[in-house]
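Okay, structure first, notes after.
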Amino acid sequence: MPGFGPPESEAELLRRADALAGEALRVVAARVGMPVPPNLRRHKGWVGALVERALGADAGSRATPDFQRLAIELKTIPVDGRGRPVESTFVCTIPLSEIGDVEWEASWVRRKLARVLWIPVEGDPRIAPGDRRLGTPLLWSPNDEELEALRFDWEELSGLIGRGGLERITGHLGRVLQVRPKARNAAVRRRGRDADGAVIDAPPRGFYLRARFTQSILARHFAIPQR
DNA sequence: CCGTGATCATTC
DNA sequence: GAATGATCACGG
């Protein structure tokens with residue numbers, strides 16, 4: 001039965017997650033005492049917050065893995081009728097003025113993605129939030145190939161930002177990882193640096209995993225048609 | 001105010 | 001249709 005304190009072990013976390021598989025979100029919401037929104041337009045993070053609560057995640061909105069003691073990151077991932085991701089996956093915000101000095105191994109992308117509990121959830125917008133069902137959880141760590149792809153993109157993107165190329169960054173860059181805006185709205189600004197090292201105000205950005213990458217992760221573990 | 005939880009909605 | 005850029009709520 002999920003929904004108490006943080007899990008004491010990986011095995012306990014998995015037991016809790018397995019117990020949720022197949023459940024409709026309305027059932028889980030009732031169990032943890034969360035209201036069910038009629039749609040997600042004004043409640044975009046509702047599914048993630050619900051599952052966090054149901055599993056006993058303890059990190060709040062801190063920049064650290066959701067299960068601090070276990071060093072495991074929780075990600076709900078919306079999937080279509082075939083089990084394929086319908087959205088990209090946010091990883092973390094980018095410290096724009098410092099990213100150039102960070103080593104890959106110490107980066108938040110590397111650390112957060114070292115161990116992720118993926119929980120598929122029906123993501124078809126035509127299904128009401130309360131009717132959407134949770135899928136089989138997957139506790140994942142990147143294999144050598146995935147790790148190398150992530151490192152390559154991270155080096156390119158963070159290197160570009162570190163060299164003052166923030167203005168040249170678009171969502172088109174990166175094979176598996178991309179950089180996109182991450183803010184309340186387009187007017188929000190954060191301190192960054194341009195190519196000459198001058199301080200500039202730029203929109204906050206975050207690293208995201210492309211859906212094709214998370215699709216390959218799910219496909220590696222579940223029997224999902226690639227096309 | 002900022003980072004995390006993401007999905008929306010317009011553009012390509 | 002897919003993908004990018006924009007956006008919304010909440011906790012601390």
Side-chain angles (χ1 to χ4, degrees), chain A residues 6 25 28-29 32-68 71-82 84-99 102 107-109 111-113 116-130 132 134 153 157 166-192 201-216 226-227:
Chain A
L25 299 187
V28 181
V32 302
M34 280 178 70
V36 180
N39 62 69
L40 299 183
R41 196 168 72 85
R42 292 185 175 276
H43 302 272
K44 297 179 180 181
W46 180 76
V47 177
L50 171 65
V51 176
E52 279 187 352
R53 193 149 154 185
L55 293 178
D58 58 347
S61 64
R62 280 174 289 244
T64 175
D66 296 288
F67 299 95
Q68 301 188 87
I72 292 174
E73 175 75 8
L74 173 67
K75 289 293 181 194
T76 59
I77 181 161
V79 296
D80 65 16
R82 298 181 184 181
R84 297 180 305 191
V86 298
E87 287 286 355
S88 56
T89 299
F90 171 72
V91 180
C92 58
T93 52
I94 305 175
L96 292 177
S97 53
E98 303 152 36
I99 190 71
V102 177
S107 70
W108 278 114
V109 172
R111 291 157 69 182
K112 282 199 167 183
L113 298 183
V116 179
L117 181 63
W118 298 100
I119 303 206
V121 56
E122 287 180 321
D124 186 334
R126 293 169 300 190
I127 307 176
R132 299 186 189 189
L134 294 168
D153 283 353
L157 294 165
L166 183 60
E167 304 302 313
R168 296 207 301 282
I169 294 267
T170 79
H172 296 276
L173 298 177
R175 287 180 303 158
V176 300
L177 196 66
Q178 65 180 166
V179 172
R180 304 225 306 276
K182 174 63 174 173
R184 183 67 179 74
N185 58 58
V188 175
R189 302 282 122 150
R190 187 73 45 74
R191 264 213 194 331
D201 285 334
R205 316 296 173 94
F207 282 116
Y208 292 76
L209 298 176
R210 291 186 179 279
R212 78 166 72 112
F213 181 72
T214 50
Q215 177 184 335
S216 75
Q226 291 280 343
R227 316 201 47 167

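Nothing here was measured: the structure is a model prediction, and the numbers come from that model. Just so it is clear: chains get the letters A, B, ... in the order the sequence lines come, proteins before strands, and each one is counted from 1.
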- Between CD on residue E73(A) and OG1 on residue T64(A), distance to nearest 0.5 Å: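 One gets 8.5 Å once the value is rounded to the nearest 0.5 Å.
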- D58(A) side, atom CG; Q68(A) side, atom CD - distance, nearest 0.5 Å: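 Here the interatomic distance stands at 4.5 Å.
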- Message: With a 4.0 Å cut-off on N to O distance, would you call R191(A) and D201(A) a salt bridge?
- Response: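 Salt bridge: yes.
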- Interatomic distance, R41(A) CZ vs dA6(C) P [rounded to whole Å]: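 One finds 18 Å between P of dA6(C) and CZ of R41(A), rounded.
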- On DNA chain C, nearest-nucleotide positions of H43(A) versus R212(A): which is more 5'?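 Checking each residue's closest nucleotide, the 5'-ward one belongs to R212(A).
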- Message: Which is more 5' along DNA chain C, the nucleotide nearest R62(A) or the one nearest A183(A)? Just name the residue.
- Response: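 Whichever sits nearer the 5' end wins; that is A183(A).
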Is [X] touching bases, backbone alone, or none of the nucleic acid, heavy atoms closer than 4.0 Å?
X	result
K75(A)	sugar-phosphate
P78(A)	sugar-phosphate
G171(A)	sugar-phosphate

- Can you find a side chain N or O atom of R184(A) that sits less than 4.0 Å from OP1 or OP2 on dT7(C)?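 So the side-chain polar atoms of R184(A) never come under 4.0 Å of the phosphate oxygens OP1 or OP2 of dT7(C).
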- Query: Taking only side-chain nitrogens and oxygens of Q178(A), does any of them come within less than 4.0 Å of OP1 or OP2 of dT4(C)?
  - Reply: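 Indeed, a polar side-chain atom of Q178(A) lies that close.
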- Query: Out of dT4(C), dG11(C), dT7(C), which nucleotide sits closest to the side chain of R180(A)?
  - Reply: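 Selected nucleotide (nearest to the side chain): dT4(C).
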- Item | Nearest heavy atoms of W108(A) and A63(A), plus distance in Å |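 Scanning both residues, the minimum pair turns out to be CH2-O, 3.0 Å.
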- Distance-minimising heavy-atom pair for P37(A) and L40(A):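 Shortest heavy-atom contact: CG-CD2, 4.2 Å.
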- Message: Pick the closest DNA chain B nucleotide for T89(A) and for H172(A) by heavy atoms, then say which residue is nearer the 5' end.
- Response: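 Going by which nucleotide is closer to the 5' end, it is T89(A).
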- Message: At a heavy-atom distance below 4.0 Å, which nucleotide of DNA chain B is the first touched by chain A, and which is the last?
- Response: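 Span of nucleotides near chain A: dG3(B) to dA9(B).
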- Check: L134(A) and L25(A) side chains under 4.5 Å, non-hydrogen atoms: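 L25(A) vs L134(A): side chains touch.
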